[in-house]
Asker: 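Have a look at this one.
For this chain, numbers begin at 1 and follow the sequence in order.
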Amino acid sequence: QVQLVESGGGLVQTGNSLRLSCAASGLTFNRCTMGWFRQAPGKEPEMVAAINWGGGFTYYTDSVKGRFTISRDNAKNTVYLQMNSLKPEDTAVYYCAAQGTSGPLSQRAAYDFWGRGTQVTVSS
């Protein structure tokens, strides 16, 4: 059974940083593309960042480029999202997702497994 468990969310002020973690189990982690998505209240889910199985390819949505960094530690079955210079518009529930078979990094439909999410709130 695949499990993705996010942690690291919280309440921070504008300009501060957070590091999200996602611990994966039940899958061959070092073969999986991993992604972070977010959903703000009343909005559609949005892809934030993705990383391929080896870490050599990454994707970022335009609004987080230069501020967020996705990384992974295959020895720990964990993917991270370092979020710097946070803004109120980054407020959302952040979800970790994994692809069961290789697909486009930026395509939401390519992700088969999802965590329950962690809340990130950025106050102005």
Asker: To the closest 0.5 Å, what do you measure between CZ (Arg67) and CG (Leu86)?
Answerer: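 It comes to 6.5 Å.
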Asker: For a quick test of reading the model, state the closest non-hydrogen atom pair linking Cys32 to Leu27 and the distance between them.
Answerer: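 So the minimum-distance heavy-atom pair works out to SG-CD1, 4.1 Å.
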Asker: Applying ring-ring contact (aromatic ring centres under 6.0 Å, His included), name anything that partners Tyr60, two or more places apart in sequence or on another chain.
Answerer: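 So Tyr60 forms no ring-ring contact (aromatic ring centres under 6.0 Å, His included) with any residue.
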Asker: Would the distance check show the side chain of Thr91 and the main-chain N or O of Glu89 forming a donor-acceptor pair, the cut-off being under 3.5 Å?
Answerer: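 Side chain of Thr91 to backbone of Glu89: no pair is present.
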Asker: Please walk me through it: do Thr121 and Gln119 pass side chain to side chain donor-acceptor pair (under 3.5 Å)?
Answerer: CA-CA 6 Å; Thr121 303; Gln119 175 71 46; 3.3 Å; yes
Asker: Please report whether the ring centroid of Trp36 lies less than 6.0 Å from that of Phe68.
Answerer: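 No, ring centres 6.0 Å or more apart.
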Asker: Are Val122 and Tyr95 grouped together when hydrophobic residues (ILVMFWY) are joined by side-chain heavy atoms under 4.5 angstrom apart?
Answerer: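 Different clusters.
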Asker: Considering only heavy atoms from C-beta outward, does the side chain of Ser17 approach that of Met83 to under 4.5 Å?
Answerer: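 The answer is no; the side chains never approach within 4.5 Å.
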Asker: Which residues pass the side-chain contact (heavy atoms from CB on, under 4.5 Å) test with Ala50, sequence neighbours left out?
Answerer: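 For Ala50 the side-chain contact (heavy atoms from CB on, under 4.5 Å) partners, ignoring immediate neighbours, are Met47, Tyr59, Leu105, Tyr111.
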Asker: Measure the shortest side-chain to side-chain distance between Ser71 and Gln82 over non-hydrogen atoms and say whether it is less than 4.5 angstrom.
Answerer: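 The answer is no; the side chains never approach within 4.5 Å.
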Asker: Judged by atom type as modelled, is there a donor-acceptor pair below 3.5 Å linking the side chain of Glu6 to the main-chain atoms of Cys96?
Answerer: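 Flag set: sc Glu6 to bb Cys96 pair under 3.5 Å.
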Asker: Can you confirm whether the side chains of Gln99 and Thr101 place a donor and an acceptor under 3.5 Å from each other?
Answerer: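 No, no side-chain donor-acceptor pair sits under 3.5 Å.
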Asker: Can you run down the side-chain hydrogen bond (donor to acceptor under 3.5 Å, both in side chains) pairs that involve residues 37-53, sequence neighbours left out, and say none if there aren't any?
Answerer: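 Sorted pair list: Arg38-Glu46, Arg38-Ser63, Arg38-Asp90, Arg38-Tyr94.
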Asker: Which residue in the set Leu11, Leu20, Val93 passes side-chain contact (heavy atoms from CB on, under 4.5 Å) when paired with Val120?
Answerer: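 Looking at Leu11, Leu20, Val93, the match for Val120 under the side-chain contact (heavy atoms from CB on, under 4.5 Å) is Leu20.
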Asker: Compare all side-chain heavy atoms of Val79 with those of Ile51 and state whether any distance is below 4.5 angstrom.
Answerer: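 They are in side-chain contact.
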Asker: Please give me the minimum heavy-atom distance between Ala92 and Ala40, naming the atom from each residue.
Answerer: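 In terms of heavy atoms, the two residues are closest at CB-N, 3.8 Å.
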Asker: Can you list the steps and then say if Thr69 with Leu81 is a side-chain contact (heavy atoms from CB on, under 4.5 Å)?
Answerer: CA-CA 6 Å; Thr69 303; Leu81 185 68; over 6 Å; no
Asker: So, taking the atom named CG in Asn16 and the one named OG in Ser85, what distance separates them when rounded to the nearest 0.5 Å?
Answerer: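 Result: 9.5 Å between the selected atoms.
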Asker: Would you kindly check if the NZ (Lys) or CZ (Arg) of Arg19 is within the cone defined by 45 degrees around the ring axis of Tyr80 and under 6.0 Å from the six-membered ring centre?
Answerer: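 Relative to the ring axis of Tyr80, which defines the angle, Arg19 lies inside both limits.
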Asker: Which atom names give the shortest non-hydrogen contact between Thr78 and Ser21, and what distance separates them?
Answerer: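 Looks like CG2-CB, 4.3 Å.
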Asker: With side-chain contact (heavy atoms from CB on, under 4.5 Å) as the test, would you mind laying out the steps for Asn74 and Phe29 before giving the verdict?
Answerer: CA-CA 7 Å; Asn74 286 346; Phe29 183 79; 3.1 Å; yes
Asker: So, the side chain of Thr14 versus the backbone of Ser123: is there a donor-acceptor pair under 3.5 Å, distance only?
Answerer: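 Looks like yes, one N/O pair under 3.5 Å.
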